[in-house]
Novice: 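Encoded as structure tokens, here's the structure I'll be asking about.
Note that the numbering runs from 1 along the sequence shown for the chain.
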Amino acid sequence: MSESQTRTIRKRNPGMLQSDEEVREQFVVRKHELVTVLEILRANIDADSCQHTLIVAPRGRGKTMLLARVAAELRADEELAGYLLPVRFMEESDEVFGVADFWLEALFYLALAVDKQDPELARNLRATRDDLSSRWRERELDERVRSAVLEVADMLGKRLVLMVENLQALCANADDDFGWKLRKTLQTEPQIILVATATSRFEGLHDAREPFFELFRIICLAPLSTVQCRRLWEVASGDAASEREMRPLEILTGGSPRFLVIVAGFARHRSLRRLMEELVQLVDDLTDTFRGDLQELPKTERRVFLAIADLWQPSTTGEIADRARMDVRTVSTMLGRLVERGAVVWSGTGRKRFYDAAERLYSIYYKLRREHNHAAVVQGLLHFMAGFYTSSEFAKIFEELLINKGSLHGELGDHVSEMNAYRTLIDRNEAGRKPELQAVVVRALVSEALALARYGDHAASISTYDRVVVRYGSSDVSELRIHVARALFHKAAEHGALEQHAEAIAAIEDLLDRYGNSDDPELREVVAQAMNMKGAGHGLLDDPDATIATSDTVIDCFGRSRASALQVQVAVALFHKGMAQVMTGRVEEAVKTSEDLDRRSLAAADDGRYAFKWRACHLRMSSLLAQGNHASAVDAFCSFYAAFLPDNETMVPELVDAVATLVAAGVPEREIIAILRSEPRKETVVAPLIIALRQRDGETVRAPAEVLEVAADVRQRIDETEMPLPAASDEPVSESKT
């Protein structure tokens, strides 16, 4: 993706000093709302009484960007431009204390709106405003300024679309009669159309005694969906992302466009796992932003807001009052003000309301800075999310296979300029025949292909790997052979990521035909990984027999090796073989395979022992469940969980899958929860999994919104899991309860 496609998106002042073209390019979400607003405005062109619009959403949801995009469209669309003139006020109308001030501001921004097309008119408008402003002592000033605005509309033959932000704050700061006087103009003068924003549905909108009752067509901006987050992310960061990779960022930002853009700027070209690891650093970097927003709140409101942030879950007025050590009635008043500011949101019905911070990252920021124990909870959540949210089943397999990633993955540059550096190296050395120059070129080509994949151009990545194979595939130079093998491996991975499993297997076959019999230690490692990838690919193509055959080849070829990296690959092969045996009803064989895995764990090197023990327990559990031997399967799960390393996020999805299999087999949720809670250090990391099980067991759970959303996704994974039909067994199903 080019630099022009990743230009910085404004976080707080979209449209300021930006061209309409830039605004249109960067407006990639809220398109439905854009169409709605434009339809309302188009219907107003010939109306005797105009429909006015109020866009409602908490801070950071995209209200300002939507207004900027509407204004750009009103200028660009020839039909609309002939009838409507957008007049955008500044985001904070701090100088408006009465209706006269409002119309003076309208004159000021009207001059800006016509400046490019008619500089002389703009100068006249400024002069008129200055003259009227100097008459601030006159009683009828508001009527004179309003008349001046209407005269300009008549002269231009257009209706003025006044775009005013934070209407609730403007009304709160203005005179008592401001709203009624503005309403009268809006109802009687069709030359004036108001498109306003507010951070909440403030009370005056629903009270028949208030001026804005039933005046507006209200458009609420919901949090961005996963698809919308993905679109915005790709524009803001320049990186492609799957919807599954996007889900944790949607959860952590609460679907806030502002914070998603902030995170995108920080995370450019980082992997999901790396981003999750470094998100704590990002929150720390945003300290000044968070602190500044907090300091803007009056003291009493700030005290209530910090209590909400510290509770870090939807809380009642009473709970907030207890935490803030304040009177309930005072807290209730402050909550109303915070809701109107858009700093707090509420849920529930009637008097049973629950309040939470509108921006989720504020709570995470506060917990990280205030309490070490809660910092561990936040980091545990991020750790779980990094492991759970993988892009696809095939991608999860790649993560498992690429244990020694450093040997296969070159360092990916943090900027697009890295791509140019690779190409410069290639251009300068491609004609050279010396092995050292050829090595420079092949390394640069592989790095370029990796970068292309990271930017989402998988087809170009595959093409670049093909270029490596065609040019250097017949070389006898050891280093070049290793790079060709890695190119074929990565080519297979790219096909797999695109769910082109047959093409992935074909690339692996090519690699094995070329280097399957090599004695080179580095090539042997790549070959073992390639074989396991091939076995996994057969599994995804519903060919378990081929998976078993391929896994047997890995075991036969590398089972006696003492190399730790090859031991790990043997463990992976045994696990794939055993799971394929379970799926095809060969359960007794699967049990023997799990026993083989367990035996090998005793002889494995320290860094490979867990690979055997962990997978042996998982396979044994799956085999026993398939036999209908639930009690013994639960015992196996206990051993499986004992081998779980909470600081190894690659184990998280396998743990979730194991729990899902237990639930699908009918093991009571309470029994599984008791096991997961048996080790406090691990419980912090697997909290979303525990909550998902508690909810399935019928319990109403209160927890941070972020944790509840992850738990909902875990629950969906559990619900979608099916258990193979068990073999006949006389042993009864476990009925133990906690």
Novice: Looking only at side chains, do Thr226 and Glu250 share a donor and an acceptor under 3.5 Å apart?
Specialist: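 Per modelled atom types, Thr226 and Glu250 side chains form a pair under 3.5 Å.
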Novice: Would a distance-only check, ignoring hydrogens and angles, find a side-chain to backbone donor-acceptor pair under 3.5 Å from Asn532 to Gln569?
Specialist: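 A pair under 3.5 Å: yes.
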Novice: Can you tell me how far the OH atom of Tyr641 sits from the CE atom of Met651, to the nearest 0.5 Å?
Specialist: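 So the OH of Tyr641 and the CE of Met651 are separated by 12.5 Å.
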Novice: Specify the closest pair of heavy atoms between Phe305 and Val344, including all atoms of both residues, with the distance to one decimal.
Specialist: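 Closest heavy-atom pair between Phe305 and Val344: CD1-CG2, 3.9 Å.
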Novice: Going by heavy atoms in the side chains, are Glu654 and His618 under 4.5 Å from each other?
Specialist: yes
Novice: Could you label the plane-to-plane angle of the Tyr365 and Phe290 rings as parallel, tilted or perpendicular, counting under 30° as parallel and over 60° as perpendicular?
Specialist: tilted
Novice: Checking salt bridge (charged side-chain N to carboxylate O under 4.0 Å, His left out) for the pair Glu234/Arg230: CA distance, chi angles, key distance, verdict?
Specialist: CA-CA 6 Å; Glu234 292 181 349; Arg230 180 183 180 187; 3.5 Å; yes
Novice: Please lay out, stage by stage, how Arg341 and Glu296 fare under the test salt bridge (charged side-chain N to carboxylate O under 4.0 Å, His left out).
Specialist: CA-CA 11 Å; Arg341 287 181 182 275; Glu296 287 181 3; over 6 Å; no
Novice: Regarding Lys682 and the six-membered ring of Phe644, is the cationic atom NZ or CZ under 6.0 Å from the ring centre and inside 45° of its axis?
Specialist: no
Novice: Considering all heavy atoms of both residues, which atom of Gly539 and which atom of Thr547 are nearest to each other, and what is their separation?
Specialist: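 Minimum heavy-atom separation between Gly539 and Thr547: N-OG1, 3.1 Å.
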Novice: With side-chain contact (heavy atoms from CB on, under 4.5 Å) as the test, pick out the partner of Leu450 among Arg486, His490, Glu494.
Specialist: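 Looking at Arg486, His490, Glu494, the match for Leu450 under the side-chain contact (heavy atoms from CB on, under 4.5 Å) is His490.
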Novice: For Glu709 and Arg360, run salt bridge (charged side-chain N to carboxylate O under 4.0 Å, His left out): C-alpha distance rounded to whole Å, both residues' side-chain angles, the deciding distance at 0.1 Å, then the answer.
Specialist: CA-CA 12 Å; Glu709 288 204 37; Arg360 291 180 180 176; 2.5 Å; yes
Novice: For a 4.5 angstrom cut-off between non-hydrogen side-chain atoms, does Asp293 reach Glu359?
Specialist: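 A side-chain contact is absent here, since even the closest heavy-atom pair is not under 4.5 Å.
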